[in-house]
Visitor: 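Below: one structure in structure tokens.
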Amino acid sequence: MKKYKIGEFSKYLGVTADFVKYYEQLNVVSAEKTTVPKRYAFHNAGRVIECLRLKSCGFHSREIRQIFASVSSDELMTMMQENADQLKKEMMQKQVSYQGHQALAAWAARTKDNPAPYEYLELPAHYFLHHTDYDNFVEDPAVYQALPSWMEWMPAVKSARRLRFAHDPAGPVLHDKQWGFIVEKSFAEQYGLTINEACLLVPAQRVFCYRLYNTPTHPDPALALQDALRAANENNVNITGEVIQDILLRYNDHGVNRCWSNVYFLLSQSILANKGI
């Protein structure tokens, strides 16, 4: 049986030398070390090909080593099913990420250079997970029971804040603020996100939506949202109620922190009646 130096062996199999060395370290591939340089017998080729197949099927190196060491057919079937489930989940996550990219591009195209980037629309029912009070994490075990499953589904899950402004003759005064995460109720149910007592359900309702594009961030929401607050006031929207801001994108523009976001002013029934919306 012919034996090959690692460069030849890897070339004939379409892999890198590092790939062969890695699986040699896992005792899946063996080399004859009595010669310098060491050589690999032809029978290792089948093992390398199987490593490639298993890796492409989603098996991790630890599992591949176990398969070549000792595994029953039942154990192998269980591992295969677990990997199939994981691959299915990853495919769904990639699809959600792709849709998020498409939606963000469409949002930017609709908002950029728009002199009046606001509209009345129906905000779908959603869950809000209160995570921080700006300076500290919320000390609620239920939050951290739900959080891991939420983090897996960004960008469908968005960073968000809930605000409440109080009326003042000099202008709106921030009365309450919460940072957290927001996700549509239908998405959470479809993809099995953990929903518990820490997740606030906000029903579907009409809102005044103002889109902030390339807006500088600021720790004071009243300053960060001043354009949205001004537009709401000009449209006679009551800004002393609840306001939700979801963050679509954050970035640094030559030293200036900016963001893209939607600001939703929840409309009271009296405003809806007066405006006929």
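Because only heavy atoms are used, hydrogens play no part in the values below, and waters and symmetry mates are left out as well, while side chains stay in. This is a predicted model, so every value here is computed, not measured.
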Visitor: Does CE in Met80 sit with more than 12 non-hydrogen atoms of other residues, nucleotides or ligands closer than 6.0 Å?
Guide: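 Count not over threshold, so no.
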Visitor: Is Leu201 reachable from Val143 through a run of I, L, V, M, F, W or Y residues, each pair having side-chain heavy atoms under 4.5 Å apart?
Guide: yes
Visitor: Look only at the side chain of Gln178 and the backbone of Asp176, and say whether a donor-acceptor pair between them is shorter than 3.5 Å.
Guide: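 Checked: no pair found.
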Visitor: Tyr12: which residues meet the ring pair (Phe, Tyr, Trp, His ring centres under 6.0 Å) condition with it, sequence neighbours left out?
Guide: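 Result, ring pair (Phe, Tyr, Trp, His ring centres under 6.0 Å) vs Tyr12: Tyr4.
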Visitor: Would you call Leu225 and Leu163 a side-chain contact if the rule is heavy atoms closer than 4.5 Å?
Guide: yes
Visitor: Looking at residues at least two apart in the chain, or sitting in another chain, which of them share a side-chain hydrogen bond (donor to acceptor under 3.5 Å, both in side chains) with Arg53?
Guide: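 Arg53 satisfies side-chain hydrogen bond (donor to acceptor under 3.5 Å, both in side chains) with Glu50 only.
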Visitor: Who passes ring pair (Phe, Tyr, Trp, His ring centres under 6.0 Å) against Phe68, sequence neighbours left out?
Guide: none
Visitor: Are Leu212 and Ile247 co-members of a hydrophobic cluster defined by side-chain heavy atoms under 4.5 Å apart?
Guide: yes
Visitor: Could you see if Val157 belongs to whatever hydrophobic cluster contains Leu129? Use Ile, Leu, Val, Met, Phe, Trp, Tyr and a side-chain cutoff under 4.5 Å.
Guide: yes
Visitor: Please identify each residue that fulfils side-chain hydrogen bond (donor to acceptor under 3.5 Å, both in side chains) with Ser149, with sequence neighbours left out.
Guide: Thr194
Visitor: From Ser72 OG over to Met79 CE, what is the distance, rounded to the nearest 0.5 angstrom?
Guide: 10.0 Å
Visitor: Enter the distance from Tyr144:OH to Phe137:CZ here, rounded to the nearest 0.5 Å.
Guide: 6.5 Å
Visitor: What residues, two or more places apart in sequence or in another chain, satisfy ring pair (Phe, Tyr, Trp, His ring centres under 6.0 Å) together with Tyr264?
Guide: none
Visitor: Check step by step if side-chain contact (heavy atoms from CB on, under 4.5 Å) holds for Leu121 and Cys209.
Guide: CA-CA 7 Å; Leu121 53 80; Cys209 173; 3.8 Å; yes
Visitor: Do Trp107 and Arg211 make a side-chain contact, defined as non-hydrogen atoms from C-beta onward lying under 4.5 Å apart?
Guide: yes
Visitor: What closest approach, in Å, do Leu193 and Trp153 show between heavy atoms, and which atom pair accounts for it?
Guide: CD1-CD1, 3.6 Å
Visitor: If we count only N and O atoms by modelled type, under 3.5 Å, do the side chains of Trp260 and Asn214 hold a donor and an acceptor together?
Guide: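 A pair is found: one side chain offers a donor N or O, the other an acceptor, under 3.5 Å apart.
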Visitor: Can you give me the closest heavy-atom contact between Ala45 and Phe9, atom names plus distance?
Guide: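 The pair with the smallest heavy-atom distance is N-CZ, 3.7 Å.
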Visitor: Does any pair with a residue in residues 227-239 pass salt bridge (charged side-chain N to carboxylate O under 4.0 Å, His left out), and if so which ones, sequence neighbours excluded?
Guide: Asp227-Arg230
Visitor: Is there a side-chain contact between Tyr120 and Asn235, using heavy atoms and a 4.5 Å cut-off?
Guide: yes
Visitor: For residues Met151 and Trp179: do they belong to one hydrophobic cluster (side chain heavy atoms under 4.5 Å, members Ile, Leu, Val, Met, Phe, Trp, Tyr)?
Guide: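 As far as the 4.5 Å side-chain criterion goes, Trp179 and Met151 are not connected within one cluster.
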Visitor: Just wondering, do Gln145 and Asn196 contact through their side chains at under 4.5 Å, heavy atoms?
Guide: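 Side-chain contact under 4.5 Å: yes.
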Visitor: If you define the side chain from C-beta out and look only at heavy atoms, does anything of Arg250 sit under 4.5 Å from Asn257?
Guide: no
Visitor: One pair to check against side-chain contact (heavy atoms from CB on, under 4.5 Å): Val29 and Val48. What are the steps and the verdict?
Guide: CA-CA 7 Å; Val29 175; Val48 172; 3.8 Å; yes
Visitor: Dump the intermediate steps for side-chain contact (heavy atoms from CB on, under 4.5 Å) on Thr215 and Thr217, then the final yes or no.
Guide: CA-CA 6 Å; Thr215 304; Thr217 61; over 6 Å; no
Visitor: Output yes when Glu242 and Arg162 qualify as a salt bridge under the 4.0 Å nitrogen-oxygen rule, no when they do not.
Guide: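 Yes, charged N to carboxylate O under 4.0 Å.
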Visitor: Angle class for the Tyr23/Phe19 ring planes (parallel below 30°, perpendicular above 60°, tilted otherwise)?
Guide: tilted
Visitor: List for me each residue that meets ring pair (Phe, Tyr, Trp, His ring centres under 6.0 Å) alongside Tyr98, sequence neighbours excluded, and say none if there are none.
Guide: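 Per chain and number, Tyr98 pairs via ring pair (Phe, Tyr, Trp, His ring centres under 6.0 Å) with no residue.
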Visitor: So, is the end of the Lys3 side chain (NZ or CZ) under 6.0 Å from the ring centre of Phe42 and within 45° of the ring's axis?
Guide: no
Visitor: Return the minimal non-hydrogen interatomic distance between Cys259 and Tyr251, and the atom names on each side.
Guide: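 Smallest heavy-atom distance, with atoms named: N-CE2, 4.3 Å.
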Visitor: State the CD1-CG distance between Ile244 and Leu123, to the nearest 0.5 angstrom.
Guide: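 Rounded to the nearest 0.5 Å, the CD1-CG separation comes to 6.0 Å.
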Visitor: Quick one: SG on Cys199 to CG on Leu147, what's the gap to the nearest 0.5 Å?
Guide: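 Cys199 atom SG to Leu147 atom CG measures 9.5 Å (nearest 0.5 Å).
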Visitor: Give a yes or no on whether the backbone of Ala41 and the side-chain of His43 come within a donor-acceptor separation of less than 3.5 Å.
Guide: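 It does not hold such a pair.
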Visitor: Just so I know, are the side chains of Tyr134 and Arg161 near enough to count as touching, which here means a heavy-atom distance under 4.5 Å?
Guide: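 When only atoms from C-beta onward are counted, Arg161 and Tyr134 do touch, with a gap below 4.5 Å.
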Visitor: Within the distance-only criterion (no hydrogens, no angle test), does the side chain of Gln99 pair as donor or acceptor with the backbone N or O of Val96 below 3.5 angstrom?
Guide: no
Visitor: What is the minimum heavy-atom distance between Asn114 and Ala116, and which atoms define it?
Guide: OD1-N, 2.9 Å
Visitor: Can you sort out the partners of Pro216 under side-chain contact (heavy atoms from CB on, under 4.5 Å), two or more places apart, ordered by chain and number?
Guide: Val256, Arg258
Visitor: Could you list the residues that satisfy side-chain contact (heavy atoms from CB on, under 4.5 Å) with Ala103, not counting sequence neighbours?
Guide: none
Visitor: Just verifying a value: how many Å separate Lys177 NZ and Thr132 OG1, rounded to the nearest 0.5 Å?
Guide: 9.5 Å
Visitor: Hey, are Lys38 and Glu24 close enough for a salt bridge, meaning a charged N less than 4.0 Å from a carboxylate O?
Guide: yes
Visitor: To the nearest 0.5 Å, tell me how far Ser10 OG sits from Lys21 NZ.
Guide: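 Those atoms lie 9.0 Å apart.
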Visitor: Yes or no on side-chain contact (heavy atoms from CB on, under 4.5 Å) for His126 and Val183, after CA distance, side-chain angles and deciding distance?
Guide: CA-CA 5 Å; His126 62 272; Val183 66; over 6 Å; no
Visitor: Are any non-hydrogen side-chain atoms of His131 and Phe181 less than 4.5 angstrom apart?
Guide: yes
Visitor: Who are the side-chain contact (heavy atoms from CB on, under 4.5 Å) partners of Asn27, not counting sequence neighbours?
Guide: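 Applying side-chain contact (heavy atoms from CB on, under 4.5 Å) to Asn27 gives none.
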Visitor: Search all heavy atoms of Ala160 against all heavy atoms of Phe128 and return the closest pair with its distance.
Guide: O-CE1, 3.9 Å
Visitor: Do side-chain atoms of Asn44 reach the backbone of Tyr40 as a donor and acceptor pair under 3.5 angstrom?
Guide: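 Such a contact is absent between Asn44 side chain and Tyr40 backbone.
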Visitor: Please check if the number of heavy atoms outside Glu139 that lie under 6.0 Å from its CD is greater than 12.
Guide: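 Not buried by this count: 12 neighbours or fewer within 6.0 Å.
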Visitor: Which pairs, with at least one residue in residues 68-96 and sequence neighbours excluded, count as a salt bridge (charged side-chain N to carboxylate O under 4.0 Å, His left out)?
Guide: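 Non-adjacent pairs meeting salt bridge (charged side-chain N to carboxylate O under 4.0 Å, His left out): Lys89-Glu152.
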Visitor: Which heavy atom of Lys158 sits nearest a heavy atom of Leu248, and at what distance?
Guide: CE-CD2, 3.5 Å
Visitor: Can you name the side-chain contact (heavy atoms from CB on, under 4.5 Å) partners of Ala232, sequence neighbours left out?
Guide: Phe208, Val237, Ile239, Phe265
Visitor: Main chain of Asp135, side chain of Asp133: is a donor-acceptor contact present, judged purely on distance under 3.5 Å?
Guide: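 No; judged by distance alone, with no hydrogens or angles, the pair does not exist.
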Visitor: Report yes if some heavy atom in the side chain of Asp246 is under 4.5 Å from a heavy atom in the side chain of Ser159; otherwise report no.
Guide: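 No; the side chains remain at least 4.5 Å from each other.
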Visitor: Near Met77 CE, under 6.0 Å, is it more than 12 heavy atoms from other residues, nucleotides or ligands?
Guide: no
Visitor: Tell me whether Ile67 shares a hydrophobic cluster with Val20, the cluster being built from Ile, Leu, Val, Met, Phe, Trp, Tyr side chains joined at under 4.5 Å.
Guide: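 Hydrophobic grouping puts Ile67 with Val20.
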